[in-house]
Amino acid sequence: MKIYRIHALICAGAQCLAAGGNGFEDALKEELKKHDLTEEVNIVETGCMGSCQLGPLMVVYPEGVIYTKVKPDDAKEIVEEHFLKGRPVKRLLWKQEEKQFPTLNDVPFFAKQTKIVLRNCGIINPEDITEYIAQGGYEALAKAITEMTREDVIKVVKDSGLRGRGGAGFPTGLKWELAYKQNSDTKYIICNADEGDPGAYMDRSVLEGDPHSVLEGMAIAGYAVGAQKGYIYIRAEYPLAIKRLEIAIKQARASGLLGKNILGTNFSFDIELRMGAGAFVCGEETALINSIEGKRGEPRKKPPFPVEKGVFGKPTVINNVETLANIPVIIEKGASFFRKFGTEKSPGTKVFALAGKVNITGLVEVPLGTSLRTIVFDIGGGIPEGHTFKAAQTGGPSGGVIPAEHLDVPMDYENLPQLGTIMGSGGLIIMDETSCMVDVAKFFLKFTVDESCGKCTPCREGTRQMLNILEKITTGNGTMEDLDRLERLGNIIKLTSLCGLGQTAPNPVLSTLRYFRDEYIAHIKDKRCPSNVCSMKGEKNERKVLNRRLA
Amino acid sequence: MEAKNFPAVDMEIRKWGAKPESLIQVLHGTQEALGYLPKEVLVYISEKLNIPLSKVYGVVTFYNFFKLTKDADHVIMTCMGTACYVKGGEAVLNALCEKLGIKPNEITKDGKFAVRIVRCLGCCGLAPAIAVDGKDIYGKLTPEKAIEILERYM
């Protein structure tokens, strides 16, 4: 193995690339050549490092110096000052509240996180299986299929208390056990990578930054339940993740870690990719099954559940990306290790995509039960100058808002539903006083109206009626009776819709009505939008746009 | 109807197998090769995969990704995900549409540009963001910056 003096990790996540990461990398390589350093400095393209807003990012080891917003012009100075003379380029270091943080471990954004799912993201080259293996990758699979029985594997996952990270939080071990008990020669494992919530990109970052962790999790699941084949159902909107998964599958097959007789045992398991085609409802598991079968992605009624009768009528385990990425760690280090993090009923960590009106946006992994305040203020650095925290939105179009008075709520599967929202897949949008809560509710409802598949009436017609009422209110034509109508209609839709999409669609409205009813009333009685977002009667649309610009 | 030959479709069918469950993947590959899904091609696929044309049409129209008509030369996808929305994505969208004289989801008369609303490009750290032609992503936009980018493609 070659020994390098310096390892320069350049983030090649989609957002850093969009911010110009490629140009910087080319310039850096050019400079290294000029100074004859190519044998001493190793450039590694990694997956997402997390703090997307400050990209393109580069971390230089052994010290762990972190550079933000690097441009091609900076390459010369970095090479001449840092790589040759050992003096980090101060002006490019992480700055926060006038303070500089020279290394990764000093930065509060990173120091306060606990990385289990994102253990390799931003550290290894996702396109090279040997880097994953060097980090202990595929050891869990080897342990499972050579030292453990299928029952052992299921027991460890059950004991770990891992709950499905796609949103509903169903115990993963129990799901596996149900599929294991099915008497069938053919069974399937599906990885649900149809990450559709607006504002959520946790799964994409895992797939782009550490695709093998998901493949390994799927193979372990396959062994446990007795499946020979797995599908990854991924959004067509994620081309980089698709590319990296294709590379990872090819490399895993070539190394004998996927395919026939894995590691010389009689366990065989292979994985194929299936691309979605732009339908939000396909994230719902029964709709996803229809889509894999080449049909319209309309949900089926449950029961029968997928573990009994899933894809092609066979028992099928459907797990989310983040859930599967946890599996290798649980198998390798044991259930008690996993239970060291999080709470009694919600063990482990959760990755959130922190976005909106917060100083540092990006991917954040924290133990379940961490307070919202810690995430927003300690890790996210608080709300931009001059503005105040108003609410956090979780769970996307299926979730609700958490107002300022509940900033200390522990973020876990028990506490969030009590506040009228859900954990969801991990989208966490922070809003300040310039966001109108009625407008936000309307935004999400427009989304579900667009994405409702139309199969069942409560969802298809009900959400449209709710949207009509919101349109009335936000243009100054609402009445107080409309609020009761919204609540009644919302509760009926929740009770009577066929699938999860409809059953949760009213949440953004019901939740904002619960905490920000005064804003609805201001729109109705005073014909006024307190946050100056909605263009009420007589107001010009330009004003709305201007306000947006100022905000 | 007598179907013509479509080598691009044949290639996809060979890759995925001539079975009903290959439909969506075959449509993906075909659209990538032809740019959109003309009627004759759908007839051809329906015969080759042995799926009624009505079902093929049902699938094509169910998914947003599939197009029955030729697309614009440059498609500007304006993100209206939550993060972009709260950070002023709407102003960016309006500016682009105004400049091109079209409404969202329309194509300009010369067929050169289309502006489309998409739900989250997954670039929330760069909000508000747009993606041009599905690959070039631009973030942290203002209406002025968006127009500047648009002009580069004109």
Side-chain angles (χ1 to χ4, degrees), chain A residues 14-15 17-19 51-55 195-201 204-205 236-239 274-280 282 291-298 312 353-357 361-363 393 396 427 429-432 434-435 440 443-444 447 450-451 453 544-546 548-549 551, chain B residues 16 19-29 31-32 49 51 55-56 58-66 77 79-92 94-95 98 117-131 134-140 142-144:
Chain A
Q15 301 197 53
L17 291 181
S51 52
C52 307
Q53 187 190 15
L54 295 170
E195 183 175 55
D197 281 3
Y201 58 97
R204 194 199 62 188
S205 296
E237 290 91 335
Y238 285 176
R274 286 291 179 272
M275 264 195 284
F280 175 70
C282 288
S291 189
I292 286 190
E293 293 179 2
K295 301 174 190 153
R296 287 164 68 91
E298 287 172 352
F312 306 118
L354 186 61
K357 302 286 179 66
T361 62
L363 273 198
Q393 209 280 344
I429 314 280
I430 309 306
M431 289 175 280
D432 63 13
T434 61
S435 299
V440 167
F443 166 80
F444 281 115
F447 181 89
D450 278 354
E451 295 294 342
C453 77
K544 178 178 144 192
V545 174
L546 181 69
R548 279 277 162 71
R549 269 184 214 172
Chain B
W16 296 102
K19 39 191 185 185
E21 66 254 36
S22 306
L23 178 61
I24 292 173
Q25 309 305 317
V26 169
L27 290 171
H28 262 301
Q31 180 164 291
E32 207 178 304
L49 296 184
I51 308 169
K55 293 245 170 180
V56 174
V59 167
V60 170
T61 51
F62 184 86
Y63 296 97
N64 290 328
F65 200 82
F66 298 129
M77 297 195 282
C79 184
M80 280 289 171
T82 326
C84 289
Y85 187 76
V86 301
K87 283 200 163 177
E90 208 172 7
V92 169
N94 291 339
E98 202 177 305
I117 295 173
V118 292
R119 305 294 189 181
C120 201
L121 294 165
C123 288
C124 311
L126 301 177
I130 61 171
K135 54 183 200 307
D136 305 335
I137 295 173
Y138 302 94
K140 299 183 189 173
T142 57
E144 294 74 25

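Below, each value reflects all heavy atoms present in this structure, side chains not excepted, and no hydrogens, waters or symmetry copies. Throughout, protein chains are lettered first and strands after them, A, B, ... in sequence-line order, and every chain is numbered starting at 1. Quick caveat: nothing in here was measured; it's all calculated off a predicted structure.
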Considering all heavy atoms, the nearest B/Trp16-A/Arg274 contact: CZ3-NH1, 3.1 Å

What residue in A/Ala277, A/Gly294, A/Gly199 has the most heavy-atom pairs under 4.5 Å with chain B? A/Ala277

Any non-hydrogen side-chain atom of B/Thr61 less than 4.5 Å from a side-chain atom of A/Arg296? yes

Can you tell me how far apart NZ (A/Lys295) and CD1 (B/Ile24) are? Round to the nearest 0.5 Å. 10.5 Å

Is any side-chain heavy atom of B/Cys124 closer than 4.5 Å to one of A/Thr361? no

If you count heavy-atom pairs under 4.5 Å with chain A, which of B/Leu27, B/Leu23, B/Asn64, B/Thr82 comes out on top? B/Thr82

Check whether any side-chain heavy atom of B/Lys140 lies under 4.5 Å from a side-chain heavy atom of A/Gln53, and answer yes or no. yes

At a 4.5 Å cut-off on heavy atoms, which part of A/Ser205 comes close to chain B: side chain, backbone, both, or neither? neither

Between B/Cys120 and A/Ala200 the two heavy atoms that sit nearest each other are SG-N, 4.2 Å

Which heavy-atom pair separates B/Val86 from A/Gly356 by the least distance, and what is that distance? CG2-CA, 4.0 Å

Does any non-hydrogen side-chain atom of B/Leu121 lie less than 4.5 Å from one of A/Gln15? no

Kindly indicate whether the side chain of B/Arg119, heavy atoms from C-beta on, has any atom under 4.5 Å from the side chain of A/Asp450. yes

With a 4.5 angstrom heavy-atom cut-off, which part of A/Phe447 approaches chain B: side chain, backbone, both or neither? both

If only atom types and distance count, is the side chain of B/Glu21 paired as donor or acceptor with the main-chain N or O of A/Ile292 below 3.5 Å? no

Tell me, side chain or backbone of A/Met431 under 4.5 Å from chain B's heavy atoms, or both, or neither? side chain

Looking only at heavy atoms, the pair that brings A/Cys282 and B/Tyr63 closest together is SG-CE2, 3.7 Å

Turns out that what part of A/Glu451 lies under 4.5 Å from chain B's heavy atoms comes down to side chain

Value rounded to 0.5 Å, distance of NZ in A/Lys357 from NZ in B/Lys87: 8.0 Å

Quick check for you: to the nearest 0.5 Å, what is the distance between A/Glu237 atom CD and B/Phe65 atom CZ? 6.5 Å

Less than 4.5 Å apart, side chain to side chain, heavy atoms only: is that true for B/Cys123 and A/Tyr201? no

For B/Phe62 and A/Glu298, work out which heavy atoms get closest and say how close. CE1-CG, 3.8 Å

